[in-house]
Amino acid sequence: MKKIFAAILIVVVALAVVMLVRASTMESLQPSDDIEAVSISLPVEEIAGRFAGALTFPTVSPQDPADTDSLAFYGLHHYLAETYPLVHSQLESEAVAQLSLLFKWPGSEPDLEPILLMGHLDVVPVIPGTEDDWAHPPFGGVQADGFVWGRGAMDDKSSVIGILEATERLLSEGFQPRRTVYLAFGHDEEVGGPNGAAKIAEVLAARGVDSFAFVLDEGGAIAEDMIPGVDGPVAIIGVAEKGFLSLELLVEGEGGHSSMPPDHTNIGILAAALTKLEDNQFPARLDGATEQMFQYLAPEMSLLRRVVFANLWLLRPVVARLMVSEQSGAAMVRTTTAATMIDGGVKDNVLPIDARAVVNFRIMPGETVESVTARVRDVIADDRVQLRMLANQDPSPVSDVGSEAFRLLGRTIRQVVADPKLKVAPYLVVGGTDAKYYSGRSSNVFRFLAFRASGEDLERVHGTNERLSLENLDLNVTYFYQLLRNAHDL
């Protein structure tokens, strides 16, 4: 027995030594080269006024495209044309699908792969009845207390205005890019982009523009005090995004009087199906973009945390289980299940003829719409529950973090933020962006918007009192300006 315990002790000690050695020898993936901070003198108050003006147009994307307020979009188009005259006179511009905008800035070397910068003109609705909860009217475009307030301030007119401000300034300086630059602003990103970004992608493909040096859309930010164990801000660049699937669950049968119900009503059958889905969540997987994020950040953490992330070969299941214990962590390691709509019945004493619900799934890379649907059918295991596929999109590929384009983005961020504690890391975007329409056209499809964001800031996205600080507005314009300059050497 003593020999067995001694052998076990030797194995444990050896394992501990291996784990410590792996942790202590982790090499940082953060660039070690010194860079010169970049700061340009911007008339921030003037820019804020122009930005505020763009927020006064209620360019809401309704669920039904037929309900779109086209006049609001046309008004914004006209405003942008008046506000950025050089962009509209020196770049080739056109409306796509009437409400989206596409600009072409010809490069001096047109044979090089072009660059695509993206944003979207549309915003989500303000929840009826919450208007009075806003500090300033959601479509007032108010500048106050060091912020510009309004729906779309963060998501995503900040991208549109940041890109246009930077381009207008570069044009005024006589700058011409080496690579052709496309600016694409869709009008229905908030409902998936089928009539905006998708149509722009089709137009470009029809013209033979089917590959890009890099594509940049919204989706990442500079996280302030949001990454446990990392001292300082972290610029998280989206290198992949989850797919999505909305499935309608429908149960049909006979109605009747509630005084003589069957053992299981249509609503009861539907409720049981929803309960099965919530009780049988998709398994967690720590891989892909999420694992890459930890590879970039773990060397910057304390020794104890490095021990964990340097030894995922052993501790991967433990880390995955810890992550699914929190909503934000679970979203990064598994396909999520969310029942979002339910309907059935018309009167309290009438059995409903049918009952329906909609469940939204955000799909991890490595899984597909088809595989998720098959698993849902297996989990429910009830032929009385019919499945109908609504909106769907497979997850994107994971972009190349070893590419010069990724380094270019990181270098530009470091130049304009100028914080020695700043870290740069890839990550998985758990929501959706218009960038998905270019997944097959570049291995460098990234998602990042240069503003510093805390947890409180992120709660304002799609929420009440959405706003952007003047400091972030300055940073955003400076970032796009410097990125276009740096891309000259790509």
Inset, instruction - Locate the shortest heavy-atom distance separating Val215 from Ser442; write the atom from each residue and the value. - result: CG2-CB, 4.4 Å

Inset, instruction - Apply the ring pair (Phe, Tyr, Trp, His ring centres under 6.0 Å) test between Tyr438 and each candidate in Phe214, Phe212, Tyr182; give the one that qualifies. - result: Phe212

Inset, instruction - Before accepting this row, confirm whether a basic side-chain N of the pair Arg485/Glu173 lies closer than 4.0 Å to the acidic partner's carboxylate O. - result: yes

Inset, instruction - Measure the spacing between CD of Glu248 and CG of Leu390 and express it to the nearest 0.5 Å. - result: 5.5 Å

Inset, instruction - Using only heavy-atom distances, determine whether the side chains of Asn444 and Ser403 contain a donor-acceptor pair under 3.5 Å. - result: yes

Legend entry - Residues in side-chain contact (heavy atoms from CB on, under 4.5 Å) contact with Glu45, at least two apart in sequence or another chain: Gln143, Leu470

Inset, instruction - Using modelled atom types only, decide if a donor and an acceptor are shared between the side chain of Thr337 and the backbone of Leu277 within a distance under 3.5 Å. - result: no

Inset, instruction - Please check if any side-chain donor atom of Lys157 sits under 3.5 Å from a side-chain acceptor atom of Thr59, or the reverse. - result: yes

Inset, instruction - Evaluate salt bridge (charged side-chain N to carboxylate O under 4.0 Å, His left out) for Glu291 paired with Arg285, printing each intermediate quantity in order. - result: CA-CA 9 Å; Glu291 182 175 6; Arg285 292 187 291 106; over 6 Å; no

Legend entry - Spacing of CG belonging to Leu76 relative to CG belonging to Leu101, to within rounding of 0.5 Å: 7.5 Å

Inset, instruction - Indicate the atoms forming the closest heavy-atom contact of Met389 with Leu247, along with that distance. - result: CA-CD2, 3.8 Å

Legend entry - Which residues share a side chain to side chain donor-acceptor pair (under 3.5 Å) with Ser158, sequence neighbours left out: none

Legend entry - Residues which pass salt bridge (charged side-chain N to carboxylate O under 4.0 Å, His left out) with Glu82, listed by chain and number, not counting sequence neighbours: none

Inset, instruction - Might you point out which heavy atoms bring Ile200 and Ala184 nearest each other, and give the distance in Å? - result: CG2-CB, 4.0 Å

Legend entry - With Pro31 via side-chain contact (heavy atoms from CB on, under 4.5 Å) - residues at least two apart: Asp33, Arg414

Legend entry - Spacing of Leu483 atom CG and Leu408 atom CG [to the nearest 0.5 Å]: 5.5 Å

Inset, instruction - Check each of Leu170, Thr167, Leu216 against Phe480 using the side chain to side chain contact (heavy atoms under 4.5 Å, CB included) test, and report the only one that passes. - result: Leu216

Inset, instruction - Answer yes or no on whether Arg467 is positioned over the face of Phe147, meaning its NZ or CZ is under 6.0 Å from the six-membered ring centre and within 45° of the axis. - result: yes

Legend entry - Salt-bridge present (Glu466, Arg151; N to O < 4.0 Å): yes

Inset, instruction - Decide whether His462 and Asp155 meet the rule of one side-chain donor and one side-chain acceptor closer than 3.5 Å. - result: yes

Legend entry - Greater than 12 external heavy atoms within 6.0 Å of Gln327's CD: no

Legend entry - Check: Ala435 main-chain N/O paired with Asp217 side-chain donor or acceptor under 3.5 Å: yes

Legend entry - Note, Val445 side chain near Lys436 side chain (heavy atom, < 4.5 Å): no

Legend entry - Check: Glu36 and Gln415 side chains under 4.5 Å, non-hydrogen atoms: no

Inset, instruction - Nearest 0.5 Å please: distance from the CD atom of Gln482 over to the OG atom of Ser39. - result: 10.5 Å

Legend entry - Mutual orientation of the aromatic rings belonging to Tyr79 and Phe57 [parallel < 30°, tilted 30-60°, perpendicular > 60°]: tilted

Inset, instruction - Decide if atom CD of Gln63 counts as having more than 12 heavy atoms of other residues, nucleotides or ligands within a radius under 6.0 Å. - result: no

Inset, instruction - Measure from the side-chain N and O atoms of Ser100 to the backbone N and O of His187, and report whether any donor-acceptor pair falls under 3.5 Å. - result: yes

Inset, instruction - Mark yes when over 12 heavy atoms from residues, nucleotides or ligands other than Met341 sit less than 6.0 Å from its CE; otherwise mark no. - result: no

Inset, instruction - Any chance you could lay out the salt bridge (charged side-chain N to carboxylate O under 4.0 Å, His left out) test for Lys104 and Glu94, step after step, and finish with the verdict? - result: CA-CA 9 Å; Lys104 178 182 179 181; Glu94 63 184 298; over 6 Å; no

Inset, instruction - Decide side chain to side chain contact (heavy atoms under 4.5 Å, CB included) for Val230 and Met301; before the verdict, give the C-alpha distance in whole Å, the side-chain angles of both, and the deciding distance to 0.1 Å. - result: CA-CA 6 Å; Val230 179; Met301 296 179 177; 3.9 Å; yes

Inset, instruction - Determine yes or no for a side-chain-to-main-chain donor-acceptor pair under 3.5 angstrom, with Asn465 supplying the side chain and Ala135 the backbone. - result: yes

Inset, instruction - Specify the closest pair of heavy atoms between Ala339 and Glu278, including all atoms of both residues, with the distance to one decimal. - result: CB-OE2, 4.4 Å

Inset, instruction - For residues 114-137, pull every pair meeting ring-ring contact (aromatic ring centres under 6.0 Å, His included), keeping only residues two or more places apart or in separate chains. - result: His136-Trp149

Legend entry - Glu165/Arg169 ion pair, N-O < 4.0 Å: no

Inset, instruction - Report the C-alpha distance between Asn472 and Ile222 in whole Å, list the side-chain angles of each, state the deciding distance to 0.1 Å, and finish with yes or no for side chain to side chain contact (heavy atoms under 4.5 Å, CB included). - result: CA-CA 10 Å; Asn472 273 331; Ile222 302 167; over 6 Å; no

Legend entry - Pairwise distance OG1(Thr335) to CD(Gln281) - rounded to 0.5 angstrom: 10.0 Å

Legend entry - Neighbour count >12 (heavy atoms, 6.0 Å) for atom CD, Gln98: no

Inset, instruction - Taking all non-hydrogen atoms of both residues into account, name the closest pair between Ala425 and Val234 and its distance. - result: CB-CG1, 4.3 Å

Inset, instruction - For the pair Asp122 (side chain) and Glu189 (backbone), establish whether a donor and an acceptor sit closer than 3.5 Å, ignoring hydrogens and angles. - result: yes

Inset, instruction - For the residue pair Thr478 and Leu42, establish whether any side-chain heavy-atom pair is separated by less than 4.5 Å. - result: yes

Inset, instruction - Verify the distance criterion only: is there a donor paired with an acceptor across the side chains of Asp133 and Thr130 at less than 3.5 Å? - result: no

Inset, instruction - Show your reasoning for whether side chain to side chain contact (heavy atoms under 4.5 Å, CB included) applies to Leu99 and Leu121. - result: CA-CA 9 Å; Leu99 303 183; Leu121 305 172; over 6 Å; no

Legend entry - Sub-4.5 Å side-chain heavy-atom contact between Val424 and Ile236: no

Legend entry - Pair Ser396, Glu241: side-chain N/O donor-acceptor within cut-off below 3.5 Å: no

Inset, instruction - Supply the atom-to-atom distance Glu404 CD to Leu490 CG, rounded to the nearest 0.5 angstrom. - result: 6.0 Å

Legend entry - Side-chain (Glu131) to main-chain (Gly129) donor-acceptor, under 3.5 angstrom: yes

Legend entry - Check: Leu245 and Asn360 side chains under 4.5 Å, non-hydrogen atoms: no

Legend entry - Minimum-distance pair of heavy atoms, taken over all atoms of Ile413 and Ala235: CG2-CB, 3.7 Å

Inset, instruction - Give me the ring orientation class for Phe406 and Phe446: parallel if the planes are under 30° apart, tilted from 30 to 60°, perpendicular past 60°. - result: tilted

Inset, instruction - Decide whether His88 and Ser93 meet the rule of one side-chain donor and one side-chain acceptor closer than 3.5 Å. - result: no

Inset, instruction - Assess the side chains of Asp188 and Ser61: does a donor N or O sit below 3.5 Å from an acceptor N or O? - result: no

Inset, instruction - Could you tell me which residues satisfy ring pair (Phe, Tyr, Trp, His ring centres under 6.0 Å) with Phe448, sequence neighbours excluded, listed by chain and number? - result: Tyr479

Inset, instruction - Could you verify whether a donor N or O on one side chain and an acceptor N or O on the other, from Thr433 and Glu218, lie under 3.5 Å apart? - result: no

